[in-house]
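First up is the structure itself, then whatever we jot down about it.
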Number of protein chains: 2
Amino acid sequence: MDVTMKDVAKLAGVSLSTVSRVLNDSSLVREETARKVEKAVEKLDYQINDSARILRTNTSNLIGVIGAGMERPFLANLLKGIEAEARERGFALIYGDSDGEFEKEQNYLNIMKQKKIDGIILITTNYYNDLLSIVKNYNIPVVFASGYISDPEISCVTVDNVAAAYDMVEFLCQSGHKNMAFIKGPDLDMLASQERLRGVKLALRLSDIEYDSKRFIEGDFTFESGYSAAKKIINKFPDVTAIFAFNDEMAVGTIRFLKEQGIKVPEDISVVGFDGIDLGNYTDPALTTIKQSGYHLGLKSIEMLNQIINEGKIEDNKVFIPHKLVVRESTNKLNELTTKQEVITKNRG
Amino acid sequence: MDVTMKDVAKLAGVSLSTVSRVLNDSSLVREETARKVEKAVEKLDYQINDSARILRTNTSNLIGVIGAGMERPFLANLLKGIEAEARERGFALIYGDSDGEFEKEQNYLNIMKQKKIDGIILITTNYYNDLLSIVKNYNIPVVFASGYISDPEISCVTVDNVAAAYDMVEFLCQSGHKNMAFIKGPDLDMLASQERLRGVKLALRLSDIEYDSKRFIEGDFTFESGYSAAKKIINKFPDVTAIFAFNDEMAVGTIRFLKEQGIKVPEDISVVGFDGIDLGNYTDPALTTIKQSGYHLGLKSIEMLNQIINEGKIEDNKVFIPHKLVVRESTNKLNELTTKQEVITKNRG
DNA sequence: GTGAAAGCGCTAACAG
DNA sequence: CTGTTAGCGCTTTCAC
């Protein structure tokens, strides 16, 4: 078997409790004794048995992460931020992917409870409401990192999707676009995609543009879905001058489709995304988008969770991370003389 | 406190051991008794205390994953595959990112040992040799999922980087390219990048093309590094007709740079990548690359680890996952009449 | 300052 | 088939 505390105690010539005290930085140990113990620990390459410690103390220094679609660049960076900050604060991570299925989420929640995790980060959008009630029932510290949760008891950190989507549409309108189409996330996504939708509607209303639900095509945040959504858009609305995809990957898929059709971006159609992943700097044209930092989001989520774990509460439990409209090459100011609408009018006139 | 087995036993009117037997599918329990216990478990929403179980049994159903650069699409998919297969087989995952630093790797290894993980997947390339000796000393099942490990005791699963890189260069040569440049991975990367380098050299030799180390620029697998490596290449070797980046992101960065310079891909220069991430289908031009499946690699790594854990050994401990050359739009057959070399010659002549 | 002893919740002989 | 019992390795009173 592995080296145990008993072995250390024996080698150091002290009792079990003294070893434990030294390992836990207890100040009630003579420095000389401590040194003896430390020497023995080193010599035996002793590693504490975490299960025994957890069993006794009921605290695990373990944080559970339940995510979905984490292979998407934005979320992969979120995970990276979570990991880095968790490590920094002495937590290890149990990581589970739910594939957006409630059953798997529930399952992982149970597993994590069994492991006595100190807290949990939830990055899941579909059945979050059901999840929430389980989590509340389990009475475990939780931070939601994938959208705004209105329940006042629940902490969350997210970009302000409504405001950001609003900003983007406002920018498009100010650039002269009236004839827009949109690529949403999955309709099952009750958080980010819904919020962005709200932001779009708001901006449309304030710009006196009529809301037309047919102009919102459902995607699933992949390149492929952006590609096929663009196809639908071009078929149904050939006169569109701007397409707003709710994430960068779908925008890239859109651009690819348009180019295949010989449609120039941005000369013929402007295309914008959301998230601001690295890729957007290297596409042709480079992508106009809303930039937010997944890494920072991850950091912040652990920071909040840590506070809840340590202090039992958190003063500000709804936080927004910054976002910024980044205008690159995929958007055009619509010169009034060359607006398609105008051209048509002129041709008719 | 939480519900314990004692509570279940009391409610069901049986002893602790009976409850334990039922929970562990022990067949020596009358069906009726089992049902009583199950009912009590359900009623109390009992969750086993994993720490107690681990302490007692010394097996955790926990797999440790130590990775680096996991935000890269290929590796994000690898992680997804690991997670899916681990879940399938009843393992939970402890996940740690090493940032490619030995100290962090070592640290995580200790943490994981303390948690009595059943096995470990290593996806790290820089100091893998030092890691290996620790792991061997810890005597814990391990599978390496980021390159070929020659140590006969160590299991590994990876794409055949040598063969794949060879295939790519051979393809380029057969397309008439003689004047090539390459964008390597970091020189610290002792696995994938080194292996691909070997494959390239081999193909060069067999095609009677002289190896020139100056034509191998170091990158770090990011878009950005591909972009700047391409800049160096164009400055130093303006007559290059093909660039082979050792992953797709760097290839995309390369294409972006070339386009900015007004260099046409593939008409002026062919660009190829490695990995076959989704993105490559949606760039303009779509990317010629070596396709391998990160997800499948993840699956396989858990499958192997599981076998080592269960059977104490594995017959075939070096496995290669399939790869395929996928020719898309970023490469051109160099027509002999329009080879730059030929043109120059003709102009001179 | 340090040691002895109890017990966290579970499993696995062993007895019946 | 089921119950009793003895720990797994640690922390934490409680003595000294």
Side-chain angles (χ1 to χ4, degrees), chain A residues 1-41 44-62 110-118, chain B residues 1-41 44-62 90 92 110-118:
Chain A
M1 256 308 298
D2 291 334
V3 175
T4 127
M5 212 144 132
K6 215 162 152 185
D7 303 320
V8 176
K10 194 180 295 173
L11 180 62
V14 298
S15 74
L16 267 183
S17 17
T18 299
V19 177
S20 176
R21 286 192 190 101
V22 172
L23 261 39
N24 293 294
D25 281 333
S26 182
S27 48
L28 356 152
V29 180
R30 213 179 348 155
E31 208 171 309
E32 195 190 322
T33 320
R35 228 187 311 267
K36 273 196 301 187
V37 171
E38 276 154 12
K39 219 158 266 171
V41 165
L44 298 175
D45 190 25
Y46 168 71
Q47 302 283 352
I48 198 175
N49 183 324
D50 225 28
S51 306
R53 193 188 55 72
I54 297 171
L55 178 58
R56 194 55 232 258
T57 62
N58 222 30
T59 126
S60 62
N61 300 320
L62 219 44
N110 284 338
I111 290 173
M112 288 173 180
K113 197 187 180 201
Q114 294 168 184
K115 299 200 180 301
K116 297 271 180 286
I117 51 166
D118 290 343
Chain B
M1 259 311 297
D2 291 334
V3 175
T4 126
M5 211 145 134
K6 215 163 153 185
D7 303 319
V8 176
K10 195 181 294 173
L11 181 63
V14 298
S15 74
L16 266 183
S17 20
T18 301
V19 177
S20 176
R21 286 195 190 96
V22 173
L23 262 39
N24 293 295
D25 281 332
S26 180
S27 49
L28 357 151
V29 179
R30 212 182 345 156
E31 207 172 310
E32 193 189 323
T33 322
R35 227 186 313 266
K36 272 196 301 186
V37 171
E38 276 155 10
K39 219 159 268 173
V41 165
L44 298 174
D45 189 26
Y46 168 72
Q47 302 283 352
I48 198 176
N49 184 324
D50 225 28
S51 307
R53 192 188 55 71
I54 297 171
L55 178 59
R56 192 56 232 255
T57 63
N58 222 28
T59 126
S60 62
N61 299 321
L62 219 43
N110 283 338
I111 291 173
M112 290 172 176
K113 197 188 179 199
Q114 293 168 185
K115 301 201 180 301
K116 295 271 180 285
I117 50 167
D118 290 344

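Note that the coordinates shown come from a computational prediction; the quantities given were computed from them, not determined experimentally. Proteins get letters first, then strands, A, B, ... in listed order; numbering begins at 1 in each.
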- Task: Go through K115(A) and L62(B) one step at a time and tell me if the side chain to side chain contact (heavy atoms under 4.5 Å, CB included) criterion holds.
- Result: CA-CA 10 Å; K115(A) 299 200 180 301; L62(B) 219 43; 3.5 Å; yes
- Item | Between dC8(C) (P) and D50(B) (CG): distance, integer Å | 18 Å
- Message: Any base atoms under 4.0 Å from I54(B), or only sugar-phosphate, or nothing? Heavy atoms, all strands.
- Response: nothing
- Note on the structure: Taking every heavy atom of I54(A) against every heavy atom of S51(B), the minimum-distance pair comes out as CG2-OG, 3.1 Å
- Item | Nearest-Å distance for atom pair CG/C1', residues L44(A) and dG9(D) | 15 Å
- Of the non-hydrogen atoms in A34(A) and V29(A), which two are nearest, and what is the gap between them? N-CG1, 3.9 Å
- Can you tell me if the side-chain N/O atoms of T4(B) get under 4.0 Å from OP1 or OP2 in dC8(C)? no
- Message: Determine whether a donor-acceptor pair (N or O, by modelled atom type, separation under 3.5 Å) exists between the side chain of S20(B) and the backbone of L16(B).
- Response: no
- Considering the options V37(B), L23(B), D2(B), which one meets the side-chain contact (heavy atoms from CB on, under 4.5 Å) requirement together with Y46(B)? L23(B)
- Give the stems involving DNA chain D, where a stem is 3 or more consecutive Watson-Crick or G-U wobble pairs (i with j, i+1 with j-1, and so on) under 3.5 Å. C:1-16 with D:1-16
- Note on the structure: To the nearest angstrom, the CZ-P distance between R53(B) and dC10(C) comes to 11 Å
- When rounded to whole Å, the CG to P distance for the pair N58(A) and dG7(C) reads 17 Å
- Item | Donor/acceptor link under 3.5 angstrom from R21(A) side chain onto base of dG3(C) | yes
- Just compare dC10(D), dC8(C), dT2(C) and give me whichever is closest to any side-chain atom of L55(A). dC8(C)
- Message: Please give me the minimum heavy-atom distance between N61(A) and D118(A), naming the atom from each residue.
- Response: N-OD2, 2.7 Å
- Nearest-Å distance for atom pair NZ/C1', residues K10(A) and dG3(C): 16 Å
- Message: Donor-acceptor pair, distance only, cut-off 3.5 Å: does the side chain of R35(B) make one with the backbone of R30(B)?
- Response: no
- Task: Find the distance E31(A):CD to dG1(C):C1' and express it as a whole number of Å.
- Result: 14 Å
- With D50(A), the side-chain contact (heavy atoms from CB on, under 4.5 Å) member among M112(B), Q114(B), K113(B): Q114(B)
- Item | Distance-only donor-acceptor check, side chains S17(A) and S15(A), under 3.5 Å | yes
- Where the side chain of A52(A) is defined as all heavy atoms beyond and including C-beta, which of dC10(D), dC10(C), dT2(D) is the nearest nucleotide? dC10(D)
- Nearest whole angstrom, please: distance from the P of dA5(C) to the NZ of K6(A). 13 Å
- Query: Whole-Å distance between dG9(C) P and D7(B) CG?
  - Reply: 9 Å
- Touch class at under 4.0 angstrom, heavy-atom based, for S51(B) against every strand present: nothing
- Item | Carboxylate-amine/guanidinium proximity below 4.0 Å for K36(A) and E32(A) | no
- Note on the structure: Numerically ordered, the residues 11-20 of chain B set in heavy-atom contact under 4.0 Å with DNA chain C is S17(B), S20(B)
- Message: When you measure from the side-chain N and O atoms of N24(B) to the phosphate of dT11(C), is any distance below 4.0 Å, counting only OP1 and OP2?
- Response: yes
